[in-house]
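Working notes, structure below.
FYI, the numbering just counts along the sequence from 1.
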Amino acid sequence: MNDEVLLNKIHSPDDLKELNLNQLNQLCREIRDKLIETVSQNGGHLASNLGVVELTVAIHKVFNTPEDALVWDVGHQCYVHKILTGRLDQIDSIRTEGGLSGFPKRRESRYDSFNTGHSSTSISSAFGIANAKALQNQAGKVIAVIGDGALSGGLAYEGLNNAGRFKKNFIVILNDNNMSISRNVGSMARYLAGIRAKPAYLRTKHRIEKILLHIPCVGKIIRNFLQYSKSFLKNLLYKSTLFEDMGFMYYGPFDGHDLGKLIDILQVAKNFKKPVLIHVVTKKGKGYPFAEKDPKSFHGVSAFDIETGETPAGGKNFSSVFGTLLCCMTEADPRICAITAAMISGTGLTEYSRIFRDHCFDVGIAEEHAVTFAGGLAAGGMLPVFAVYSSFLQRGYDQIIHDAALQNAKVTFAIDRAGIVGEDGETHQGLFDVAFLNTIPNITVFSPTYFEEMAACFQNAIYQCRGVAAVRYPRGGELYKPDDFCPSDDPYDVYGNPGAPYMLVTYGRLFSFACKAKKALEQEGISLCVLKLNRIKPIAEKALALCALKQKVFFFEEGMQCGGLGEHFGFLLSQTGFAGNYRIKAVDGFVPQAPMDRALHSLELDDQGMINLIRNECGQ
């Protein structure tokens, strides 16, 4: 790696103003070295950050942040931004407990204009900031940076549609790398590919304008007429883009790694008194050969060896088990098909998409569409399974109600990353799905703890449940399983002495911690039985009956307390005439980044937290 010569002198974007183009290019090389070094140790989003180095430097060179507000879509590509905005000395802590977030956070820096973490939000939020500035007569431009992958999300078009009517300067930068996590799909991807394939478009447009302006008297009038006309003549001469039709001045595509060109076009764009869209083409993973060759693997990567690009071998995980299981089920029943929202690899569907190409639908970053599309497939006689991260399913809440549950559609949700996910922090924790699904009629929810339980859960979800069903499972692999525990496909399992005076109730991976807590407490003379809910909605009446006989019942939930399963279980338990005491330990608030085990420990949801609570309540 090169010695850092300029990077250590950059304490704020103001320091960039003094550097010439050669120095800025040298700075870009140093930033890339720092990114590779940092992510190789902490893991994180490498390829996307390597791809926006020049773009980020150019933005901070030209604009006066934070007076000029900058909003990053998704925000996983903000590492360079953080380095340039006074956080270089903290960058080694990124994505670690108590360290910098891997996403923009307003509480972290005044340069972070809006918290992001999910896709397609930048244009809407940035346009809101622009209007707030206008209403309060505040100075400053507003810039939204959105990737081509995020343009597969409908919210981006809602923002474009609204912002195109703005009468002041508003800048959208389209960072086009032909990727989201996997390669982009859909009509917009093809549309942008068409623009990229015709770089002469802008040159032709400028030549026509130049010729017209040299025509005495009427040239400028004709130019203005063509520029604002929606006529056939305008399209013939200008080849108008979708973005221009929506009210934006379109410039591009430009080489997103040509720093000089980027600076020039940004200088021009900030002087227009109307919305501008600048289309830049970048290479994901730029500057690190392993990431350039395989940007998908280096999108979100664990710690790796810089010299070889290799990461530690990963073990079996719930996502891969799901993918294998769905292959087997589709082989046996061709009505089954899979849907993913730009998450083929993340949800374990890589092999499935190869073997069952016609049965695998990647709809792009469009969870709302995915749910309704699944409802349509079900109405047509198929058995769709929508594989989606828990935190991303939140975006399809209305569709789950209106287009699936309300009509008892035979749709199955494979909810990946349920519970604590770790270093990605608040925006990605899968803590809300149980609470919001719990309120919706006509939905059955399963929560396996171990790999071997997944087959029974999906068989029940697809073939035994009348309408919508969901199977939720955590990130990573399975945890501790007692040698004397035998999983079943029943709605619940009982582990321990059913006659014990105290009952610990839980579901999912917390069962592993409950088993450890039970063993430790029994050594202290506290007799405890564990009730493991395999089907968490609806709750089996016999499970409630077992708890109704206990002196004390303790419910531990890796999900939200308010509206969660624990509250519902407690209410139903009270209807049985339960005379004992009932305690709930669940999540109350957003959970910051930390490794899974550390987060659960802080929340007092691991075995030690269970031991402490039950000992305090039941100890002699």
Stepwise salt bridge (Lys or Arg N to Asp or Glu O under 4.0 Å) test for K9 and E18: CA-CA 11 Å; K9 299 178 182 179; E18 309 301 321; over 6 Å; no
Indicate yes or no: at least one non-hydrogen side-chain atom of [X] is less than 4.5 angstrom from one of [Y].
X	Y	value
E426	F103	no
K61	L84	no
H81	H60	yes
D258	L262	no
P253	D176	no
I355	T330	no
V74	H45	no
K481	S512	no

Of all heavy-atom pairs between [X] and [Y], which one has the smallest distance, and what is that distance?
X	Y	value
A414	Y473	CB-OH, 3.5 Å
F513	L600	CE1-CD1, 3.7 Å
G117	T427	CA-OG1, 3.8 Å
A303	P312	O-CD, 3.2 Å
N42	S93	ND2-C, 4.0 Å
A269	I278	CB-CD1, 3.4 Å

Closer than 3.5 angstrom, by distance alone: can the side chain of [X] be matched with the main-chain N or O of [Y] as a donor-acceptor pair?
X	Y	result
S152	I365	yes
R32	L50	yes
N175	I146	no
T282	V52	no
D15	I10	no
D73	S119	no
D607	K516	no
T324	S320	yes
S40	E37	yes
E367	R395	no

Exercise: do R417 and S319 side chains pair donor with acceptor under 3.5 Å: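 Yes - a donor-acceptor pair under 3.5 Å links their side chains.
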In this structure, is the centre-to-centre distance between the rings of [Y] and [X] below 6.0 Å?
X	Y	result
F356	Y352	yes
F298	F304	yes
F458	F322	yes

Working note: D606 + D597, criterion side chain to side chain contact (heavy atoms under 4.5 Å, CB included); need CA distance, chi angles, decisive distance, verdict. CA-CA 8 Å; D606 63 353; D597 55 343; over 6 Å; no
Would you say that more than 12 heavy atoms from the other residues, nucleotides or ligands in this model lie under 6.0 Å from the [atom1] of [X], or not?
X	atom1	value
D264	CG	yes
Y480	OH	yes
K17	NZ	yes

Name all residues meeting the salt bridge (charged side-chain N to carboxylate O under 4.0 Å, His left out) criterion together with R475; count only those two or more places apart in sequence or in a different chain, and write none if there are none.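 For R475, no residue satisfies salt bridge (charged side-chain N to carboxylate O under 4.0 Å, His left out) once neighbours in sequence are set aside.
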If you apply the rule side chain to side chain donor-acceptor pair (under 3.5 Å), what do you find for D416 with T347, and how did you get there? CA-CA 7 Å; D416 203 329; T347 57; 5.8 Å; no
Could you walk me through whether K286 and V53 satisfy the side chain to side chain contact (heavy atoms under 4.5 Å, CB included) test, starting with their C-alpha distance in whole Å, then the side-chain angles of each, then the deciding distance to 0.1 Å, before giving a yes or no? CA-CA 9 Å; K286 175 75 171 178; V53 173; over 6 Å; no
Rounded to the nearest 0.5 Å, what's the gap from [atom1] on [X] to [atom2] on [Y]? Could you check?
X	Y	atom1	atom2	result
K34	L27	NZ	CG	13.0 Å
E558	R472	CD	CZ	7.5 Å
K284	N49	NZ	CG	10.0 Å
I36	I306	CD1	CD1	7.0 Å
D433	M560	CG	CE	11.5 Å
R29	L6	CZ	CG	9.5 Å

Can you tell whether the side chains of K283 and D255 come within less than 4.0 Å, N to carboxylate O?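 No, this pair does not count.
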R87/E108 ion pair, N-O < 4.0 Å: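 Looking at R87 and E108, the cut-off is met.
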Among R95, Q429, Q593, which residue satisfies the side chain to side chain donor-acceptor pair (under 3.5 Å) criterion with D424?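 Going through the options one by one, the only one that passes is R95.
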Ring geometry between F392 and H118 (parallel below 30°, tilted from 30 to 60°, perpendicular above 60°):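 Judged by the thresholds at 30° and 60°, the geometry between H118 and F392 is perpendicular.
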Please state whether the rings of F451 and F318 are parallel, tilted or perpendicular, taking 30° and 60° as the class boundaries.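 Correct class here is perpendicular.
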Trace of the side chain to side chain contact (heavy atoms under 4.5 Å, CB included) decision for L35 with I83: CA-CA 9 Å; L35 287 174; I83 287 172; 4.2 Å; yes
Qualifying residue, where the test is side-chain contact (heavy atoms from CB on, under 4.5 Å) with L603 and the options are I420, D588, L431: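 The option that passes is I420.
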List the steps, then state whether side chain to side chain contact (heavy atoms under 4.5 Å, CB included) holds for V388 with M343. CA-CA 7 Å; V388 58; M343 286 285 179; over 6 Å; no
Could you check whether K261 makes a cation-pi contact with F254, meaning its NZ or CZ is under 6.0 Å from the centre of the six-membered ring and within 45° of the ring axis?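 No.
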